[in-house]
Q: 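Next up is a structure, given as structure tokens.
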Amino acid sequence: TFSFHQWLRHYLYENVPYDELVRGVITATGTFSERPPVSWYRSVQERNAQMEDITQLFLGVRMQCAQCHHHPFEKWSQRDYYGMAAFFSQVGLKNGPQSGEIRIFHQRGVAEAENPKTKKKVKPTPLGANELELAKFSDPRIALADWMVQEDNPFFAHALVNRYWKHFF
């Protein structure tokens, strides 16, 4: 975590744009000694938890309820939940070169998540959008980061501004 803290500090000190910082966390691969942002994947290893963290932190949307049911006060369904989880379906973890170190990598294959209730497979789907058709060997996290930082994304900038307002008030 110290190296991740240093990485964040460096990015903030160098005034690296927020979208690049977020992209660095979401698409991180390697070991934490090579790429400090992978330490987040070391802490949050389960696919659904990864999706829930990312959507809450960077999009300002809580998706936990949609895992089991369509929440009556939210518009997110199980299809939305598993569509977002599919972006993390190809994240692989294996032992790194040093003892206790974990290597994060993109596993080749089709990115999809299965809804355990319906047994239907869902392809990566950004919130409020259509399923993405990704190449079999492409890392879906790159597509997620691309979608997140688009100017017309209604969640990304809104979530950051809300955090600033909370801080100031």
Side-chain angles (χ1 to χ4, degrees), residues 1-12 16-32 34-71 73-94 96 101-107 111-116 122-129 132 134 139-150 153-167:
T1 55
F2 180 73
S3 60
F4 185 46
H5 178 264
Q6 289 297 101
W7 179 84
L8 279 172
R9 248 179 98 88
H10 172 75
Y11 264 55
L12 294 172
V16 173
Y18 183 64
D19 61 326
E20 288 181 35
L21 184 142
V22 171
R23 183 181 297 277
V25 172
I26 293 171
T27 63
T29 58
T31 63
F32 55 85
E34 300 166 345
R35 287 281 299 146
V38 301
S39 64
W40 176 75
Y41 284 100
R42 187 179 79 174
S43 299
V44 184
Q45 295 184 11
E46 204 270 323
R47 176 189 69 213
N48 291 350
Q50 292 166 353
M51 180 277 297
E52 291 170 4
D53 271 12
I54 293 297
T55 56
Q56 185 170 350
L57 180 61
F58 299 127
L59 301 176
V61 177
R62 289 183 184 228
M63 295 295 291
Q64 288 85 339
C65 288
Q67 181 177 9
C68 301
H69 60 277
H70 189 103
H71 196 286
F73 304 117
E74 295 288 339
K75 67 180 185 176
W76 309 120
S77 67
Q78 285 184 305
R79 183 166 174 70
D80 295 310
Y81 183 93
Y82 292 103
M84 284 297 290
F87 284 108
F88 298 95
S89 64
Q90 298 307 109
V91 174
L93 290 91
K94 63 182 176 181
E101 192 171 48
I102 294 176
R103 177 175 296 281
I104 304 298
F105 65 99
H106 167 252
Q107 298 181 91
E112 58 189 13
E114 182 180 288
N115 181 328
V122 183
K123 292 181 181 179
T125 310
L127 293 177
L132 299 181
L134 301 175
D139 188 339
R141 297 174 304 157
I142 295 171
L144 174 62
D146 290 343
W147 169 78
M148 285 177 63
V149 302
Q150 289 177 355
N153 183 323
F155 307 104
F156 189 67
H158 187 85
L160 180 60
V161 169
N162 280 345
R163 292 194 188 283
Y164 283 129
W165 279 112
K166 179 183 184 266
H167 173 74

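All residue numbers in this chain count up from 1 along the given sequence. From a predicted model like this one, the values you see are computed outputs, not experimental measurements.
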Q: What residues, two or more places apart in sequence or in another chain, satisfy side-chain hydrogen bond (donor to acceptor under 3.5 Å, both in side chains) together with E52?
A: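 Expected list: Y81.
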Q: Output the distance between atom CZ (F32) and atom CZ (R42), rounded to the nearest 0.5 Å.
A: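 If I round to the nearest 0.5 Å, the distance is 4.5 Å.
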Q: What side-chain donor-acceptor pairs closer than 3.5 Å can you find for residues 2-9, not counting sequence neighbours?
A:
none

Q: Determine whether L132 and F87 make a side-chain contact, defined as any pair of heavy atoms from C-beta on separated by less than 4.5 Å.
A: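 Counting from C-beta outward, L132 and F87 do come under 4.5 Å.
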Q: Roughly how far, to the nearest 0.5 Å, is CG of L59 from NE2 of H158?
A: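 Output value for this atom pair is 11.0 Å.
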Q: Test your reading of the model: is there a side-chain donor-acceptor pair from E20 to the backbone of P17, 3.5 Å cut-off?
A: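 Such a contact is absent between E20 side chain and P17 backbone.
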Q: Closest heavy-atom contact between L144 and M84?
A: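 Nearest pair, atom of L144 first, then M84: CD1-CE, 3.8 Å.
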Q: Rounded to the nearest 0.5 Å, what separation is found between the CH2 atom of W40 and the CD1 atom of I26?
A: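 Going from CH2 on W40 over to CD1 on I26, the span is 7.5 Å.
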Q: How long is the straight-line distance from CG of L57 back to CG of L160, given to the nearest 0.5 Å?
A: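 The CG atom of L160 sits 10.0 Å away from the CG atom of L57.
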Q: With sequence neighbours left out, what residues match N153 under side-chain hydrogen bond (donor to acceptor under 3.5 Å, both in side chains)?
A: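 For N153, no residue satisfies side-chain hydrogen bond (donor to acceptor under 3.5 Å, both in side chains) once neighbours in sequence are set aside.
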Q: Return the orientation label for the F156 and F58 ring planes: parallel under 30°, perpendicular over 60°, tilted otherwise.
A: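 Ring orientation of F156 relative to F58: tilted.
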Q: Please find the pair of heavy atoms, one from R163 and one from Q56, that lie closest to each other, and give the distance.
A: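 Smallest interatomic distance, heavy atoms only, reads NH2-O, 3.0 Å.
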Q: Looking only at non-hydrogen atoms, find the nearest pair between A111 and P124 and report the distance.
A: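 Smallest heavy-atom distance, with atoms named: O-CD, 3.2 Å.
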Q: Distance check, rounded to the nearest 0.5 Å: I142 atom CD1 versus H106 atom NE2?
A: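 The distance works out to 8.0 Å.
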Q: Of all heavy-atom pairs between V44 and Q50, which one has the smallest distance, and what is that distance?
A: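 Shortest heavy-atom separation between V44 and Q50 comes out as O-NE2, 3.0 Å.
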Q: Do L134 and K123 have side chains that approach each other closer than 4.5 Å (heavy atoms only, starting at C-beta)?
A: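 With C-beta onward as the side chain, the pair stays apart.
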Q: Measure the OG1-CG distance between T27 and D139 for me, rounded to the nearest 0.5 Å.
A: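 Here the rounded value is 7.5 Å.
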Q: Please report the shortest heavy-atom distance between A28 and I104, naming the atom on each side.
A: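 So the minimum-distance heavy-atom pair works out to O-CG2, 3.7 Å.
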Q: Please say whether the positively charged group of R141, taken as NZ for Lys or CZ for Arg, lies over the ring of Y41, i.e. under 6.0 angstrom from the six-membered ring centre and within 45 degrees of the axis.
A: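 Yes, R141 sits over the ring of Y41.
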Q: Identify the heavy atoms of P140 and A86 that sit nearest to each other, and give their distance.
A: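 Where P140 meets A86 most closely, the heavy atoms are CG-O, 4.3 Å.
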Q: Set out, in order, the CA-CA distance, both residues' side-chain angles and the distance that settles side-chain contact (heavy atoms from CB on, under 4.5 Å) for N48 and Q64, then state yes or no.
A: CA-CA 9 Å; N48 291 350; Q64 288 85 339; over 6 Å; no
Q: Strictly distance-based, threshold 3.5 Å: is any side-chain N or O of S43 a donor or acceptor partner for the main-chain N or O of S39?
A: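 Side chain of S43 to backbone of S39: a pair is present.
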